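Below, read A as the first sequence line, B as the second, and so on, with proteins coming before strands; counting in each chain starts at 1. Any value given below was found using the heavy atoms of this structure, including those in side chains, with hydrogens, waters and symmetry copies removed. If you're wondering where the values come from, they're calculated on a predicted model, not measured in any experiment.
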Amino acid sequence: MSLFDSFPRESQIFTCKEYLRHSYTPDKLLHREEQIQQLAKILAAPLRGEAPSNVLIYGKTGTGKTAVARFLLRELELARTPLRVVGIYLNCENTNTQYRILAKLTTFLLEDLKQRIGPFEFQTTGLPERVPNTGWPTDQLLDTMVATLEYEGKVVIVALDEIDRVAGGGEDILYKLSRLNSDLSRSRISLIGISNSANFLELLDPRVKSSLGEIQVVFPPYNATQLKDILEERARMSFREGALEEGVTALCAALAAQEHGDARRALDLLRTAGEVAEEKGCTRVEISHVREASHRLQRSAMEEVLQTLPLHQKLVLLGIVTLKQNGCRLSFGEIYRYYQRICERNPELSAVSPRTVKNYLDELDMLGIITTTVVSKGRGGRTTEVRDLTYPEMRELLSEEMSRFELPPVVESKLCRFLA
DNA sequence: AATCCACAGGAAGATTAGGATA
DNA sequence: TATCCTAATCTTCCTGTGGATT
């Protein structure tokens, strides 16, 4: 009897969880037909030998931008065309400098060429085996790229995801890449820029704006009905028949629709709900499991956000959750004075200025961790009040993490303020 | 209407951290 | 490794403000 025998071999819930991950690109993208048509029309141009236009895609997270881009690249590669199409998808989140992007693209093209013509002929091209991760001037990279492209005529379509993450706004790279076509005679290069922020285009240099922003395709958020369709489609592939209680997908869709129609969130919810059901040894995913899943996801999202906050911002937040115990509203002054006392009690801390704490509060508000409003109390002055904590359990999360700090007692009441 | 509280929130200079460069 | 550069963060200083009180 092995330890592993005690675990069930087969899931009672899932048939294949893979289809619920966001990395999976489905064969059929629901409710994005219009966008697909628009994009396909544009991308088809270079196949006929026409000058390619560049496209900018934007929309919030989980609106299908990446999935559609990947889908189109895949379809294009399969299309029967006079010139071979090579689709390259690159996420700029980690590859976020001009050099790194160019290096990745060039490496990809070199590998592709080597595969096509075989290592022996590749030797004769005089092209480098690989490009170094650092060290070359950008021009040399571009030259290598052009030479690689020209060796064998092809249409290259480059999708740059999260393009707004590129240092310096990514304009240089876009400009350089789009200018590349003038050096190419046998090949063509076409760009798809993918961005989360709608104002990305506004931040661009005018010359890039005109070349990249020729055509823009906007991905609106999904509504609850659309999300439900998408979920049901995926659920069919990934859950056992009858493993979902009535209304489970609808609830996941509704919850995700509240959060700006994010399909990723919806899929996460459904998957986590399935995992919850599995853990509990149930054979069906119930509504309560979705609630639990939603709760878990919220908690882990909150944990993630908390981790990224600077120490003093967390201290301010710790102060807020401590003072907030009795449920009252807190003024900026109260928060700041308590924060100062925390710093006095812990010699290794020295308090930041009130202005900075104000910025912290604004940011916490923006992150949706607290809600603040500016109120005026006449002679009592004008102040920012912290009204609510959006996630009450944050208290435990925080105090657990911040236990190394000694907290001063909460004595600052209305009475104390009178005396002061 | 004038006053005044307790800040709001903008501008600009100072500090710091992290990364590039020699 | 030391030094330099840059972008992000923080501080200092400032003027502005809603509305109960005078």
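- Looking at residues two or more places apart in sequence or on another chain, you find a salt bridge (charged side-chain N to carboxylate O under 4.0 Å, His left out) between A:Arg265 and A:Glu259.
- Within the structure, salt bridge (charged side-chain N to carboxylate O under 4.0 Å, His left out) pairs that include any residue of residues 395-405 of chain A comprise A:Lys314-A:Glu401 (at least two apart or interchain).
- The side chain to side chain donor-acceptor pair (under 3.5 Å) test applied to A:Asp229 returns A:His31, not counting sequence neighbours.
- Partners of A:Glu348 according to the side chain to side chain donor-acceptor pair (under 3.5 Å) rule, which considers only residues two or more places apart in sequence or in another chain, do not exist here.
- Partners of A:Glu292 by side chain to side chain donor-acceptor pair (under 3.5 Å), not counting sequence neighbours, listed by chain and number: A:Arg296.
- Direction change of the helix axis from one end of the helix from B:dA1-C:dT22 to B:dA22-C:dT1 to the other is 10°, with five pairs defining each end axis (rounded to 10°).
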### Query
What string of B, S and - do you get for nucleotides 5-10 of chain B 5' to 3' if you count protein non-hydrogen atoms under 4.0 Å?
BBSSBB
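- Note on A:Tyr336: nothing from the nucleic acid sits closer than 4.0 angstrom, heavy atoms only.
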### Task
Test A:Lys17 against A:Glu275 for salt bridge (Lys or Arg N to Asp or Glu O under 4.0 Å), laying out the working first.
CA-CA 10 Å; A:Lys17 233 194 268 186; A:Glu275 284 165 0; 3.2 Å; yes
Please list, one pair per line, the donor and acceptor atoms closer than 3.5 Å that link side chains of residues 105-112 of chain A to other protein atoms, with sequence neighbours excluded.
from	atom 1	to	atom 2	distance (Å)
A:Thr106	OG1	A:Leu102	O	2.6
A:Thr107	OG1	A:Ala103	O	2.6
A:Asp112	OD2	A:Arg84	NH2	2.7
A:Asp112	OD2	A:Lys154	NZ	3.2

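- Residues from residues 342-354 of chain A placing a heavy atom under 4.0 Å of any atom in DNA chain C, listed by number, are A:Val352, A:Ser353.
- Between A:Arg329 and A:Glu334 there is no salt bridge, since no side-chain nitrogen of the basic residue lies less than 4.0 Å from a carboxylate oxygen of the acidic one.
- Relative ring orientation between A:Tyr339 and A:Tyr336 is described as tilted, the plane-to-plane angle lying within the 30° to 60° band.
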### Task
Take nucleotides 17-22 of chain B nucleotide by nucleotide from the 5' end and write B, S or -, depending on whether a protein heavy atom sits under 4.0 Å from the base, only from the sugar-phosphate, or from neither.
------
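- Once you apply a 4.0 Å limit to the heavy atoms of chain A, the touched nucleotides of DNA chain C run 5' to 3' over C:dC10 to C:dT22.
- Using a 30° and 60° split on the angle between ring planes, A:His295 and A:Tyr391 fall in the tilted class, from 30° to 60°.
- For the pair A:Arg70 and A:Tyr89, the distance from NZ or CZ to the six-membered ring centre is under 6.0 Å and the angle to the ring normal is within 45 degrees.
- The side chain to side chain donor-acceptor pair (under 3.5 Å) test applied to A:Glu363 returns no partner, not counting sequence neighbours.
- A:Lys358 and A:Asp362 are joined by a salt bridge, as a carboxylate oxygen and a charged side-chain nitrogen come within less than 4.0 angstrom of each other.
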### Message
Is there a side-chain contact (heavy atoms from CB on, under 4.5 Å) between A:Leu29 and A:Ile230? Walk through the geometry before answering.
### Response
CA-CA 8 Å; A:Leu29 289 155; A:Ile230 294 168; over 6 Å; no
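- One finds a salt bridge joining A:Arg74 and A:Asp27 here, because a Lys/Arg side-chain nitrogen approaches an Asp/Glu carboxylate oxygen to under 4.0 Å.
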